[in-house]
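What follows is one structure encoded as structure tokens, with my remarks underneath.
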There are 2 protein chains.
Amino acid sequence: MTLTVLVADDHAMLRSGMRAIFETQADLRCVAEVADGRAAVAEVARLRPDVAVLDIRMPKLDGLGATEMILADPANRTKVLLLTTYDSDEYVYRALNAGASGFLLKSLPPEELISAVRVAARGDALIDPSVTQRLIARFAVSLAPPPMPPELELLTAREREVLQLVAAAYSNAEIAAQLHVGDETVKTHVSRVLAKLGLRDRVHAVAYAHVNGLVQPR
Amino acid sequence: MTLTVLVADDHAMLRSGMRAIFETQADLRCVAEVADGRAAVAEVARLRPDVAVLDIRMPKLDGLGATEMILADPANRTKVLLLTTYDSDEYVYRALNAGASGFLLKSLPPEELISAVRVAARGDALIDPSVTQRLIARFAVSLAPPPMPPELELLTAREREVLQLVAAAYSNAEIAAQLHVGDETVKTHVSRVLAKLGLRDRVHAVAYAHVNGLVQPR
DNA sequence: TCGGACGTCCCCCGCGCGGGGGACCCGATT
DNA sequence: AATCGGGTCCCCCGCGCGGGGGACGTCCGA
């Protein structure tokens, strides 16, 4: 089973370099070379290669835009590998959002480029290690709970518990039932929470709790 | 400059296998082999190797816990590579949150394990392609706006506008002032919103709006 | 031993809110 | 011309809510 590859780069020398690299492999065939993003989109739609290797910087339509157009069309099953000279964070996030199967630097050794094409073709993905490092950092913070505002320390455990329930839009009576206490007690807790946090009413409390991530664990 | 490596795995055969792999490289030295997570943490603190290769499943303390302990101590400069037999999403997210420099499957070819150690040692990171694929998907959705629930289509533009303001914890009077209309008008809009969305009161509306990402663009 | 923090429960009072009506105007559709 | 959806404004009524008080028990640290 031979894999077909499209190469898009505005430098002819780089294109033929990559073609030469792929030609060393019996199971890889470079079926098209294009010099800009629009041509890449068109040729992918026409030839439906297994993998498209796109430079980020290209005339008319850059690699990111081309990626988005290619992957937005469900008729395409082409996997997209993005190549760039210098890594830049914004590029990466846009590329990954668009669903690219790879984000690689041009400093990549030829044999790894070949391996990357095979990886992409089988539906997996890979990211250049230097980018992965920052991606992990970003990913970690994106999953990390937002920092607890210090005024939350003013609340007792019970009050925080009540706040959680208020944030879940329970009425005082419902909270009382869940906590097995009287509703007057709940009113007291809610009042204290509002006072300590400087909130006007339970509506503000709900908004506060949501913005400060007290309720995210859906 | 030679790189020191610690290997942690509860299977002696796998440990010696990895040691053998590293010994083929002149610049790699396997300075410790341990069989459980607690020993890994202790030896890392004592020997301060450049890279620690940890199995996820280990007695006493698993690879994830060990990673967290190692990276939580700022005195350690050891990079952590995690190895696992089967990839599981939860593992990955915990590993990345802890700040691991790599997440690899044991099916990795020996030469790539060597390369992974070098990558980690220089501060970069790498993730097994089969995992990267899902990571990208997850990352994309974590950045993508949550899908608008279809019942929002029932609302008129004006009603959505009012809902936004309700979600921001404004009172009816405040909304009326901002929209330059009477407060009775706002009451009508709010009532319609609640009826159309099947919500009990404005408190539920606030929670609904936040959960469905109608208010995220802080 | 005496406070103080905390959790629990109670009363009264005022008000914002939400549901039930109805009404008018306008623009687009029929 | 008639209709309808959307936006605007108005009334009344009941209720949940939040602030103002106060009270009582427990537990813990000074």
Side-chain angles (χ1 to χ4, degrees), chain A residues 148-217, chain B residues 147-215 217:
Chain A
M148 284 231 306
E151 62 265 30
L152 267 183
E153 301 303 325
L154 297 174
L155 301 185
T156 69
R158 195 56 155 175
E159 286 161 354
R160 267 190 292 270
E161 197 179 353
V162 171
L163 175 55
Q164 301 265 3
L165 294 171
V166 170
Y170 289 110
S171 71
N172 286 343
E174 289 165 341
I175 297 175
Q178 285 196 35
L179 298 183
H180 306 292
V181 296
D183 38 352
E184 290 295 334
T185 304
V186 176
K187 286 184 63 175
T188 305
H189 286 313
V190 172
S191 285
R192 288 204 212 288
V193 168
L194 297 180
K196 286 184 178 176
L197 299 184
L199 302 170
R200 196 197 308 166
D201 51 34
R202 71 195 299 106
V203 178
H204 282 81
V206 175
Y208 174 92
H210 277 87
V211 223
N212 293 101
L214 301 185
V215 78
Q216 260 319 345
Chain B
M148 282 233 308
E151 61 265 31
L152 267 183
E153 301 304 324
L154 296 174
L155 301 185
T156 68
R158 194 58 154 174
E159 286 161 355
R160 267 191 292 271
E161 197 177 355
V162 171
L163 175 55
Q164 301 265 5
L165 294 170
V166 169
Y170 289 110
S171 71
N172 287 342
E174 289 165 341
I175 298 175
Q178 286 196 36
L179 298 185
H180 306 291
V181 296
D183 38 352
E184 291 295 335
T185 304
V186 177
K187 286 183 63 174
T188 306
H189 286 312
V190 172
S191 285
R192 289 204 212 288
V193 169
L194 297 180
K196 287 184 179 176
L197 299 183
L199 301 170
R200 197 200 306 165
D201 51 34
R202 73 196 297 106
V203 178
H204 282 82
V206 174
Y208 174 92
H210 277 87
V211 172
N212 293 98
L214 302 184
V215 77

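Keep in mind that the numbers below use all heavy atoms, side chains included, and drop hydrogens, waters and symmetry copies.
- Contact check for A:Glu159 versus A:Leu197: no side-chain heavy atoms found under the 4.5 Å cut-off.
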Between protein and nucleotides 6-12 of chain C, what N or O pairs are separated by less than 3.5 Å?
unit_1 : atom_1 : unit_2   : atom_2 : d
C:dG7  : OP1    : A:Thr156 : OG1    : 3.2
C:dG7  : OP1    : A:Arg158 : N      : 3.4
C:dG7  : OP2    : A:Thr156 : OG1    : 2.7
C:dT8  : OP1    : A:Arg158 : NH2    : 2.8
C:dT8  : OP2    : A:Arg158 : NE     : 2.9
C:dT8  : OP2    : A:His189 : NE2    : 2.9
C:dC9  : OP2    : A:Gly182 : N      : 2.3
C:dC9  : OP2    : A:Thr185 : OG1    : 2.6
C:dC9  : O5'    : A:Thr185 : OG1    : 3.4
C:dC9  : N4     : A:Thr188 : OG1    : 3.1

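- The backbone N or O of B:Ile175 lies less than 3.5 Å from no partner atom in the side chain of B:Asn172, so there is not a single donor-acceptor pair.
- Whole-Å rounding puts the B:Ile175 CD1 to D:dT8 P distance at 13 Å.
- Distance from the side chain of B:Ser171 is smallest for C:dC17 among the nucleotides D:dG19, C:dC17, C:dG19.
- A straight line from NE2 of A:His204 to P of D:dG19 spans 12 Å, rounded to a whole angstrom.
- A:Arg158 places a side-chain heavy atom less than 4.5 Å from the side chain of A:Leu179.
- The shortest distance between side-chain heavy atoms of A:Arg202 and A:Val193 does not fall below 4.5 Å.
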**Q.** Test log, rule side chain to side chain contact (heavy atoms under 4.5 Å, CB included), inputs A:His189 and A:Thr156
**A.** CA-CA 10 Å; A:His189 286 313; A:Thr156 69; 5.6 Å; no
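- Rounded to an integer number of Å, the gap from A:Leu197 CG to D:dG18 P is 13 Å.
- One axis for each end of the helix from C:dT1-D:dA30 to C:dT30-D:dA1, each built from five base pairs, and the angle between them comes to 30° at 10° resolution.
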Restricting both atoms to N or O, compile the protein contacts to nucleotides 28-30 of chain D shorter than 3.5 Å, with distance only.
none

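- Taking the side chain as every heavy atom from C-beta outward, A:Val186 and A:Gln178 never approach each other to under 4.5 Å.
- Put simply, CZ on B:Arg160 is 10 Å from P on D:dG7, counting in whole angstrom units.
- Regarding contacts with the backbone of D:dG18, every side-chain N or O of A:Arg200 stays at 4.0 angstrom or more from both OP1 and OP2.
- Contact annotation: A:Asn172 side-chain N/O to D:dG16 OP1/OP2 distance is not under 4.0 Å.
- In this structure a side-chain-to-backbone donor-acceptor pair under 3.5 Å is missing from A:Asn212 to A:Leu214.
- In this structure, the side chains of B:Lys187 and B:Asp183 stay at 4.5 Å or more apart for every pair of heavy atoms.
- Side-chain contact check for A:Leu155 versus A:Val162: every heavy-atom pair is 4.5 Å or farther apart.
- If you take CG of B:Asp201 and P of D:dG18, they are 11 Å apart, rounded to a whole angstrom.
- Taken from NZ in B:Lys196 to CD in B:Glu153, the straight-line distance is 11.5 Å, to the nearest 0.5 Å.
- The 12-atom threshold is not exceeded at OH of A:Tyr170, counting heavy atoms of other residues, nucleotides or ligands nearer than 6.0 Å.
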